[in-house]
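Take a look at the structure below.
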Amino acid sequence: MTIEFTQVAILPIGNAIGECVLWDEQTQTAHWTDIPARRLWSWRLGDDTPSCDTLAENLASMALTETPGVFIGAFESGFARFDPEAGTIDRLVAIEPGEPHLMMNDGRVDRTGRFWASTKVRDGAPPGTADGRLWRLDGHSRATPCLGGLIVPNGLAFSTDGRAMFLADSAKSTIWKFAIDGDDGPVGGATFARAAPGVKPDGAGIDADGRLWSAHWGASEVVCYRRDGTIETRLRLPVSQPSCLAFGGPDLDHLLITTASQGVSGEPLAGALFVYKTTARGLPESRCTTDFAVRAPELAQ
């Protein structure tokens, strides 16, 4: 059956790099970050304009928790639990503080409630640098490096049964599929799909039928991949840098897409949030359930 799309809304907010859009089913609210602007945006379907909070530092990605309005974030300095409305932040663990050429990037919660996030190589790092890593947050002061040798890791997503992890390296135009088995993994790393040279697979998500949806930065499109890695459909956009996506709405049949304006000209809608009603359906966003009840005083703000 052909997947159909109907444009519902465009929010022309001009994000420099809009990223990590999430749909909170409990509050029926979308959240996303504009990384270099240090803003966290929130929007209810049907509202004319979103609201935003200013953050203390760059927020690359984030996770919902079981407490509405409280997030786990992959900030520039590392992982933290934060409440933007209350203005509080509980720093959990610093990530790669001695590696100034690295910065935190894409993140996602797996089906068991663990938050994973990556570090990428900053622009301007020495040529050939490829030591970005994938990290798993395991608690206060505890984060485990699980995969290395990456340049710009992106597109974290987990299969419907939680036994497979998808991860792209945007710099290599490649999406891999890894096995996850409890605390073991990711292992395997088979190539799932390759984009055209120069096209950068960015943020991604899984729908209720197990298909992988990937925002293709530089190609003006979102691509839906079947379970075998072949392409089911493409959604063309009027901007060149789609960055992340999520399914939202009361029936999880709205596709929300963040985009970026940084580095482009002649695109009036660059940096907008695009919303389409689709005949595909998503899955509820997983929530981080890692126990943070024991605070680490030495990391507290």
Side-chain angles (χ1 to χ4, degrees), residues 16-17 19-20 33 35-36 38 57-63 72-80 91-110 114-158 164-180 183-195 197-204 214-218 241 243-244 260 262-263 290 299:
I17 303 179
E19 267 289 3
C20 194
T33 176
I35 299 174
R38 297 184 175 181
E57 61 179 279
N58 292 2
L59 174 65
S61 56
M62 59 192 170
I72 303 297
F75 286 90
E76 188 167 8
S77 61
F79 291 109
R91 300 191 183 277
L92 301 172
V93 56
I95 298 295
E96 321 243 40
E99 301 291 344
H101 64 288
L102 296 176
M103 62 181 291
M104 296 210 76
N105 202 45
D106 190 48
R108 181 72 64 177
V109 178
D110 67 20
R114 300 175 299 183
F115 185 43
W116 303 65
S118 60
T119 52
K120 75 169 189 174
V121 177
R122 293 181 187 269
D123 294 340
T129 303
D131 54 2
R133 293 196 279 184
L134 177 66
W135 293 80
R136 187 184 68 228
L137 179 62
D138 293 322
H140 270 283
S141 307
R142 301 197 311 277
T144 304
C146 298
L147 195 67
L150 302 167
I151 303 175
V152 186
N154 263 314
L156 270 172
F158 296 88
M165 182 186 79
F166 298 88
L167 176 69
D169 193 325
S170 298
K172 299 177 183 178
S173 303
T174 301
I175 304 171
W176 294 285
K177 182 178 180 180
F178 297 85
I180 299 287
D183 288 334
D184 294 330
V187 296
T191 298
F192 176 74
R194 291 187 187 277
V199 175
K200 301 176 180 181
D202 204 331
S214 174
H216 278 198
W217 179 289
Q241 295 180 160
S243 53
C244 194
Q262 184 169 285
T290 303
L299 295 177

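The first residue in the sequence is number 1, and the count goes up from there. Values below: all heavy atoms of this structure, side chains included; hydrogens, waters and symmetry mates excluded.
Expressed to the nearest 0.5 Å, how far OG1 of T144 lies from CG of D138 amounts to 3.5 Å. Interatomic distance, R38 CZ to N58 CG, rounded to the nearest 0.5 Å: 5.0 Å. Atom CG of N154 sits about 9.0 Å away from atom OG of S214, to the nearest 0.5 Å. The distance from atom CG of L156 to atom CG of D110, rounded to the nearest 0.5 Å, is 10.0 Å. A distance of 10.0 Å separates OG in S118 from CE in M103, rounded to the nearest 0.5 Å. Atom CZ of F115 and atom CZ of F79 lie 6.0 Å apart (nearest 0.5 Å).
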**OP:** I would like to know whether F178 and L147 meet side-chain contact (heavy atoms from CB on, under 4.5 Å); could you show each step before the answer?
**Re:** CA-CA 11 Å; F178 297 85; L147 195 67; 3.6 Å; yes

**OP:** Before giving the answer on side-chain contact (heavy atoms from CB on, under 4.5 Å), spell out for F75 and I95 the whole-Å C-alpha distance, their side-chain angles and the decisive distance to 0.1 Å.
**Re:** CA-CA 9 Å; F75 286 90; I95 298 295; over 6 Å; no

Original post:
Would L167 and I175 count as a side-chain contact (heavy atoms from CB on, under 4.5 Å) if you check the C-alpha gap in whole Å, the side-chain angles of each, and the deciding distance to 0.1 Å?
Top reply: CA-CA 6 Å; L167 176 69; I175 304 171; over 6 Å; no

**OP:** Kindly indicate, with the supporting measurements, whether the criterion side-chain contact (heavy atoms from CB on, under 4.5 Å) is fulfilled by V109 and I72.
**Re:** CA-CA 10 Å; V109 178; I72 303 297; over 6 Å; no

**OP:** Would you please test K120 and E19 for salt bridge (Lys or Arg N to Asp or Glu O under 4.0 Å) and show each step?
**Re:** CA-CA 15 Å; K120 75 169 189 174; E19 267 289 3; over 6 Å; no

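Distance alone, capped at 3.5 Å, is enough to place a donor-acceptor pair between the Q241 side chain and the A260 backbone. Side-chain N or O atoms of E57 include one that pairs as donor or acceptor with a backbone N or O of E76 at under 3.5 Å.
Counting heavy atoms from C-beta on, the side chains of R114 and I180 come closer than 4.5 Å. By the 4.5 Å heavy-atom criterion applied to side chains, W176 and T191 are counted as neighbours. Inter-residue side-chain proximity for M165 and L134 is flagged as met; some heavy-atom pair is nearer than 4.5 Å. When side chains are defined from C-beta on, L102 counts as touching V121, because their heavy atoms get closer than 4.5 Å. Within the 4.5 Å cutoff, no side-chain heavy atoms of P197 are placed close to those of S173. When side chains are defined from C-beta on, D169 counts as touching I151, because their heavy atoms get closer than 4.5 Å.
Residue V93 comes nearest to R142 through the heavy atom pair CB-N, 4.2 Å, listed as atom of the first residue, atom of the second, then distance. When all heavy atoms of G78 and M104 are compared, the closest pair comes out as CA-SD, 3.6 Å. Nearest heavy-atom pair across S170 and K200 is O-CG, 3.5 Å. R133 and P145 make their closest contact through NH1-CB, 3.8 Å (heavy atoms, listed as atom of the first residue, atom of the second, distance). Across all non-hydrogen atoms, the minimal contact from P153 to N105 is O-ND2, 2.8 Å. Contact detail for W135 and E96: the closest heavy-atom pair is NE1-OE2, 3.4 Å.
By the 6.0 Å and 45° rule, R136 stacks over the aromatic ring of W116.
Under a cut-off of 6.0 angstrom, the local environment of CZ in R194 is sparse, with at most 12 non-hydrogen atoms contributed by other residues, nucleotides or ligands.
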